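Here is how names work: the chains are called A, B, and so on, in the same order as the sequence lines, proteins then strands, and each is numbered from 1. The structure presented is a predicted model; accordingly, all values stated were derived computationally and were not measured. Just the heavy atoms: all of them, side chains too, but no hydrogens, waters or symmetry mates, feed the values below.
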There are 2 protein chains.
Amino acid sequence: MAGLARYMAVLRLFNQATPTWTVAEMADALAVPQSTAYRTVRDLLAEGLVEMSSEARYRLGPAFIEFDRLTRLTDPLMQAGSDVLRSVVQEAGVPAVALLCRLYGREVLCIADHVSPDASFSPSYERGRPMPLTQGATSKAILARLPNKRLAKLIGAEALASMRHELAAIRRAGFCLGRGEIDEGLAGIAVPIVCEAEGLVASLSLVVENHRLAGAREERVRALLTSAAAEMERRLLVAGHIQEGSLR
Amino acid sequence: MAGLARYMAVLRLFNQATPTWTVAEMADALAVPQSTAYRTVRDLLAEGLVEMSSEARYRLGPAFIEFDRLTRLTDPLMQAGSDVLRSVVQEAGVPAVALLCRLYGREVLCIADHVSPDASFSPSYERGRPMPLTQGATSKAILARLPNKRLAKLIGAEALASMRHELAAIRRAGFCLGRGEIDEGLAGIAVPIVCEAEGLVASLSLVVENHRLAGAREERVRALLTSAAAEMERRLLVAGHIQEGSLR
DNA sequence: TTCATATTCTCAATTTTTGAGAATTGTGGT
DNA sequence: ACCACAATTCTCAAAAATTGAGAATATGAA
């Protein structure tokens with residue numbers, strides 16, 4: 001393991017179940033000698049990517065919080081999306097959680113969420129959480145808008161074959177509805193957001209309790225999401241043009 | 001420049017004013033040949049630390065969002081603090097913003113914030129924003145609890161000499177009040193939070209409009225913050241013990 | 001197609017990293 | 001103050017990775 005990958009391998013050790021590590025544990029987990037692990041940790045420490053916790057244990061450092069803010073402030077999708085999420089939740093008329101998610105490697109990453117004040121449930125999705133590519137309305141809405149070639153690379157030819165019809169239907173309908181696919185008792189409804197110029201494929205979704213999404217309300221929510229997604233695409237285009245204009 | 005520093009130098013180029021860079025611009029800014037810059041960017045790309053924006057421009061990648069969530073979920077200060085922030089704002093009785101901030105290198109980093117629903121102002125501090133070490137109630141409350149030796153290293157002997165009396169007064173009073181030091185028209189009141197075991201020095205602060213913080217209310221808010229900070233310190237201790245108990 | 005620009009590749013010289021163990025630092029207990 | 005013990009840094013030659021300049025390839029628009 002060389003270069004950046006060596007550092008990232010250490011950082012990827014930290015997770016919710018094991019949030020702190022000793023250097024000896026890291027060396028063990030990565031099968032490198034302790035002296036090497038110490039050098040790596042020292043470098044990460046100097047950059048604020050890890051920090052010392054209680055004696056001899058280390059945890060992720062505050063640098064991520066700083067970079068996350070920059071992302072929040074400068075990512076075109078989030079700039080276009082954060083107040084759209086708020087208004088979607090408000091206009092939904094029922095307790096709801098709005099999500100903005102995007103493709104991230106071989107997963108789908110939630111990059112922004114907004115929970116209505118009266119929501120008594122909370123979906124698995126939340127800002128920063130990666131989710132599987134082939135499950136849930138949120139992911140499927142994204143997959144449906146990906147070119148077949150890229151899809152095959154991402155999920156494999158067999159998986160693609162078994163989803164082909166479902167994805168075609170989503171593409172035709174312009175939205176995807178899933179009940180209990182991710183969280184028992186919750187329903188998700190998602191619409192895709194695409195911006196070629198920025199290289200973005202994403203989706204906007206609303207999660208509500210299953211029994212609240214019936215008949216006329218389903219139709220209303222769908223219309224709400226569709227127009228919100230259109231608004232976001234419009235904003236992305238405008239933002240892109242401004243950027244190009246001012247930078248070139 | 002070698003190892004991790006080489007990659008971080010690229011990442012530190014990205015900021016709010018210049019959120020996207022071409023490889024040529026990076027090579028220029030860092031005074032390295034383009035072929036080297038391309039290699040570095042390729043590695044960062046593979047880890048999701050940068051991603052391609054519109055043609056030939058790159059921006060910070062989504063990996064930071066993922067790591068930020070882990071930080072949110074596992075940092076003991078944030079675990080202890082997020083609902084304390086909420087209740088402090090609620091009990092303040094006036095439009096307010098509560099902040100949880102901590103030492104981060106030679107700056108103070110805001111790691112959590114909570115804005116009351118009726119707040120019509122927003123302070124410079126927000127989650128992820130680093131702020132100067134010697135200005136504002138939030139920072140001073142932290143400095144006041146640092147050992148002199150560490151202080152001298154951080155801000156220099158001269159700066160320390162000129163702040164010595166002020167910091168001693170804060171240490172005695174147990175809180176720090178600043179009016180308009182950071183934002184015109186706003187007042188900040190901060191109390192320190194220290195947890196030796198976790199190696200943490202932080203502060204909890206409330207920002208309100210200047211004219212709202214007078215007489216009896218100042219006293220009430222101070223008491224509110226003091227007890228909230230005590231509650232957080234208690235939680236940090238408990239969390240620390242559980243961790244030690246289960247891991248060793 | 002052709003052009004122009006973005007990106008990857010090649011290769012020898014240079015620099016960095018590696019691993020094992022020794023040396024040092026730091027901490028708590030006596 | 002001392003010791004014992006663990007955490008961390010240091011040392012060194014061998015091994016591996018990075019560097020820089022330019023050539024070679026992609027990519028995309030005209």
Side-chain angles (χ1 to χ4, degrees), chain A residues 1-11 13 20-59 61 147 149-150 153 195-200 240-241 243-245 247-248, chain B residues 1-11 13 20-59 61 147 149-150 153 195-200 240-241 243-245 247-248:
Chain A
M1 184 124 37
L4 184 58
R6 179 163 52 94
Y7 295 101
M8 292 306 288
V10 172
L11 293 177
L13 289 176
T20 71
W21 290 73
T22 65
V23 174
E25 287 165 352
M26 298 182 212
D28 230 39
L30 301 176
V32 300
Q34 286 210 13
S35 55
T36 300
Y38 268 109
R39 274 187 287 241
T40 308
V41 169
R42 189 189 332 146
D43 292 350
L44 290 167
L45 218 39
E47 300 290 350
L49 297 173
V50 309
E51 67 177 352
M52 197 175 298
S53 159
S54 51
E55 46 158 323
R57 302 196 77 84
Y58 296 84
R59 60 169 169 250
K149 195 169 173 177
R150 201 160 158 207
K153 254 190 209 155
C195 179
E196 294 282 344
E198 301 272 2
L200 291 173
H241 287 145
Q243 189 188 33
E244 272 188 55
L247 286 176
R248 302 186 143 236
Chain B
M1 184 126 33
L4 185 57
R6 178 163 54 94
Y7 295 101
M8 291 307 287
V10 172
L11 293 177
L13 289 175
T20 71
W21 290 72
T22 65
V23 174
E25 288 165 353
M26 298 181 211
D28 231 40
L30 301 175
V32 300
Q34 286 210 12
S35 55
T36 299
Y38 267 109
R39 275 188 286 240
T40 307
V41 169
R42 194 200 315 158
D43 293 348
L44 291 167
L45 219 38
E47 300 290 350
L49 297 172
V50 309
E51 69 177 350
M52 198 175 298
S53 160
S54 49
E55 45 156 324
R57 302 197 76 85
Y58 295 85
R59 61 170 168 249
K149 196 168 174 177
R150 200 158 159 209
K153 254 189 208 157
C195 178
E196 294 282 344
E198 300 274 2
L200 291 173
H241 287 147
Q243 188 187 35
E244 269 188 57
L247 286 174
R248 307 191 140 225

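- A salt bridge is absent between A:Arg57 and A:Glu51; no separation between the charged side-chain nitrogens and carboxylate oxygens falls under 4.0 Å.
- In this structure, A:Glu25 contributes its side chain and A:Thr22 its backbone to a donor-acceptor pair below 3.5 Å.
- Rounded to whole Å, atom P of D:dT9 lies 13 Å from atom CG of A:Leu44.
- Protein atom CZ of B:Arg57 is 17 Å distant from nucleotide atom C1' of D:dG28, rounded to whole Å.
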TODO: Scan nucleotides 8-26 of chain C nucleotide by nucleotide, 5' to 3', and note B when protein non-hydrogen atoms come under 4.0 Å of the base, S if they reach only the sugar-phosphate, - if neither.
DONE: BBB-----SSBBBB-----
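- Within 6.0 Å of the CD atom in B:Gln34, the count of heavy atoms belonging to other residues, nucleotides or ligands exceeds 12.
- Note that the CZ atom of A:Arg42 and the CG atom of B:Leu4 stand 12.5 Å from one another [nearest 0.5 Å].
- In this structure, the CE atom of A:Met26 is 12 Å from the P atom of D:dA7, given to the nearest Å.
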Task: From CA spacing to verdict: side-chain contact (heavy atoms from CB on, under 4.5 Å), A:Val50, A:Arg59 - done: CA-CA 5 Å; A:Val50 309; A:Arg59 60 169 169 250; over 6 Å; no
